[in-house]
Amino acid sequence: MDLFEVLHLDHLAHGLANLSMFPYFDMAHYVVSVMALREQPGALEVSRVSPLACWFSSMLFCFGGAVLSGIMLAEPPVAPLTNSSSVLLASVIWYLVFYCPMDLVYCCTALLPLRLVLSGMKEVTRTWKVLGGVTQAHSKYKDSLLVMIAIGWAKGAGGGLISNFEQLVRGVWKPETNELLRMSYPTKITLIGAVLFALQQTHYLPLQKHHLMLIYTIFTVINKSRMMLTGSTALPFAAIESAIYKTLFTGSSPYAALTGEAKKACIDKRTTNRTTSTAATKESSENGKAGKHTPDSSVKGQSESLRAKEESENTETTSCKKTN
Amino acid sequence: MDLFEVLHLDHLAHGLANLSMFPYFDMAHYVVSVMALREQPGALEVSRVSPLACWFSSMLFCFGGAVLSGIMLAEPPVAPLTNSSSVLLASVIWYLVFYCPMDLVYCCTALLPLRLVLSGMKEVTRTWKVLGGVTQAHSKYKDSLLVMIAIGWAKGAGGGLISNFEQLVRGVWKPETNELLRMSYPTKITLIGAVLFALQQTHYLPLQKHHLMLIYTIFTVINKSRMMLTGSTALPFAAIESAIYKTLFTGSSPYAALTGEAKKACIDKRTTNRTTSTAATKESSENGKAGKHTPDSSVKGQSESLRAKEESENTETTSCKKTN
Amino acid sequence: MDLFEVLHLDHLAHGLANLSMFPYFDMAHYVVSVMALREQPGALEVSRVSPLACWFSSMLFCFGGAVLSGIMLAEPPVAPLTNSSSVLLASVIWYLVFYCPMDLVYCCTALLPLRLVLSGMKEVTRTWKVLGGVTQAHSKYKDSLLVMIAIGWAKGAGGGLISNFEQLVRGVWKPETNELLRMSYPTKITLIGAVLFALQQTHYLPLQKHHLMLIYTIFTVINKSRMMLTGSTALPFAAIESAIYKTLFTGSSPYAALTGEAKKACIDKRTTNRTTSTAATKESSENGKAGKHTPDSSVKGQSESLRAKEESENTETTSCKKTN
């Protein structure tokens, strides 16, 4: 691609592509992941009640992508445990973040400047993970774009996608929220990355791999830093997103389209369904509720979890500045 | 088998056995499945809040059997995604059923005559799926009747068997109901089919494969049509079923058998257990409830879900007749 | 090892190592497992509502370890079904324990002396299962100690580790308790066994396999009998356990370490998180609860389930003495 030669970025791209993630970038990934876990509501209590559950949760935060993509490809989900050095490194970091005397480690890493660097480095690992997933899927299923995207996405955003089950390990169960119902920023950016790398892999995207890696990495790092500094969760492509959504999914939706009468009929139907369900499951009220929670409630539910996540990555630092 | 030659059904049987499911029968299967999803309580809201979750749910409805049997045989659950044409077809149908302008597609397909044809065709695909599962298991585990039945059942009724997790994708969680606790009609008929085909495969059933396919297909199609027309959910073999149940599981049940004293003792025991559990989990009330919900409640709970399903396949049409 | 020759235990160890688990020891394992299921709250109701769900639950109790380790190693979780004789034996026992006329079988096996013998034999099978898991993992992943421990643990204590999903089959859902959050005695002892056998396998532990088998088996059997006779759940290594816990996880915990101010800040943070979560999920109250249940509640919740289990193995017999 000429532009790269013009800007003399070819060397940079090659350098980046040959960068090794272990140990420094992996370490940053583990630190940020374990801190995100620690900042989940109730996580500190769990770390006291059962260090083992806490450790297992941390490993799911650190290696969730590998576990999920392993399951999806029918490869042993225990495989990540075979990489002793990584597991050891992650475990040490888990211990320091949760149990370090004077809580020094957490409060240092929670300082904005350091956290900014660590989060940036974590974003770099994202590129490698997505690419790894895409190539792994490509080697198994030559031409299946969908599988490449799915595996790349799973490998890059696994921790988020399996969050329901990671929470279950800690005794928390929030069925009304998951990353598919309302995607958080990391999940979205990873999905985009997976699509791009899959297109590059299948030569639909006229870019060299190391160039795409450079572009995607720079984009994610800059975007992440911007979000942490401004504390905003607005995405650069939010406009495109909502445009696509409006065109495809709302304009021609049943609600908008159906005549008032039909709409009424449909709503009546749903209401009756719900009534029966409430009647039937009156003993286990939460299900009736789960059954009939409205878009608003879901949105609320998820935006809450979203906010929690963002907090855990952005505004968290404040509480610890108080600490020192 | 003489009878077949006498009735000149041999040709018909062979013709049926050589029938290709793709694209028309598969299409019917996808349409009916996606409509069943759309008629689940809350599904329309989800289709507005998160098209992605809705799409994923639809794929689980359409390819649930392949996913489940894949997991059970340790084969990649993403495999169905490799069949691009099927996924594309299912996705198009998903889009049309949920987001078609004026909601035309849904309301046409929901008309009884068309729906009748589509459901009949879907029943035909059931035969192929069950047979596919049984032969797949047979090729891996030569003589294991149980595995053949399990895989055939999973492949034919997968969507229902994984419904708890399919609902979780949509943010709904109904732990007190599942297809094992109270089987819906499709699950039952699929189980019977799996048993028959497994017996045929292992030559315990003196029938040729294509003859059994013809008999089973005719039975399922006729039975399904009857149920849709009469709106009854009574099974032709309900009598046999309850007879077997009475003989094996109630007559000699602890309740009936135990002396009053013993029964009392057992009940006391359970009550105390529950009391502790209630005391212990007073913060999360739903578990206490789940812990002590009685048969009645379960029955109610499941019959409700059952009714919902049946509605979604039988009486649904009414609300849409209003529409047009 | 000299000591063994001195005590003439070498023959005994060899004899034990060559002992066959099938059918007698397996039978004992199935009986005790199915009885443990029957003594779960609500299990008897399920056995009436849906014998199939009850049977499936029993199989998970009997073969849970094989299923879990199968999933972890990406081997077919249906594999246990291929061993027809074992499945048949387990099914017969399931039927007799739940549906035997006059409930004879359950009430006989529930008598303390017989139950003592059966539980002892079940403990013997534990040694074989753990060892089987460790060797299986060793053959796949030569040097990975962690994987050996994980698989050995999963194979030996699978039924407990997957209890959340086993309960789901019966329509019960208790997210706030799991074996990782609060390990029951069998899970703990199995973990220790897995560690020991993994160390032996990798020659870090200077013991011959059959010697270790003898030592571990004797320890588990004696310990189990002691617990059943005294009704105490105190472990011989409880002291060591709490010492390790105190040294590693409490002394230097955030709570203890943080200054009052910091602690307050952290608590404030968590509280606000919770408030938002409660506000957001006000429609599905149980999640708010799950989100904010305190260590105490967890401890209660789990100690309850623990007690239930222990009851089911120790003090259960009383209620049935009344029976006869």
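The model shown is predicted, which means the values in this text are computed figures rather than measured ones.
- In this structure, C/Pro77 and B/Ala74 approach most closely via the heavy-atom pair CD-N, 4.4 Å.
- Between C/Leu168 and B/Phe165, the closest side-chain pair of non-hydrogen atoms falls below 4.5 Å.
- Neither the backbone nor the side chain of B/Leu145 comes within less than 4.5 Å of any heavy atom of chain C.
- For C/Pro51, the part lying under 4.5 angstrom from a heavy atom of chain B is the side chain only.
- In this structure, the side chains of B/Arg182 and C/Val49 stay at 4.5 Å or more apart for every pair of heavy atoms.
- The shortest heavy-atom contact between C/Leu81 and B/Ala150 is CD1-CB, 4.1 Å.
- With B/Ser144 as reference, C/Thr82 is the one residue of C/Asn83, C/Val78, C/Thr82 to meet the side-chain contact (heavy atoms from CB on, under 4.5 Å) rule.
- Contact annotation: the side chain of C/Pro76 approaches that of B/Tyr141 to within less than 4.5 Å [non-hydrogen atoms, C-beta and beyond].
- Here the straight-line distance linking atom CG of B/Leu181 with atom SG of C/Cys54 works out to 10.0 Å at 0.5 Å rounding.
- C/Val67 does not touch chain B: none of its heavy atoms, backbone or side chain, sits under 4.5 Å away.
- Taken from CG in B/Asn178 to CZ in C/Phe56, the straight-line distance is 9.5 Å, to the nearest 0.5 Å.
- Put simply, CG on C/Leu52 and CD on B/Glu179 are 11.0 Å apart, with the number rounded to the nearest 0.5 Å.
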Using the rule given for side chain to side chain contact (heavy atoms under 4.5 Å, CB included), can you reason through C/Trp173 versus B/Asn164, listing the C-alpha separation, both sets of side-chain angles and the distance that settles it, and then say yes or no?
CA-CA 12 Å; C/Trp173 186 245; B/Asn164 286 70; over 6 Å; no
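- For B/Glu166, the side chain to side chain contact (heavy atoms under 4.5 Å, CB included) test picks out B/Leu37, B/Ser57, B/Leu60, B/Phe61, B/Arg170, with sequence neighbours left out.
- For B/Lys188, the salt bridge (Lys or Arg N to Asp or Glu O under 4.0 Å) partners at least two apart in sequence or on another chain are B/Glu241.
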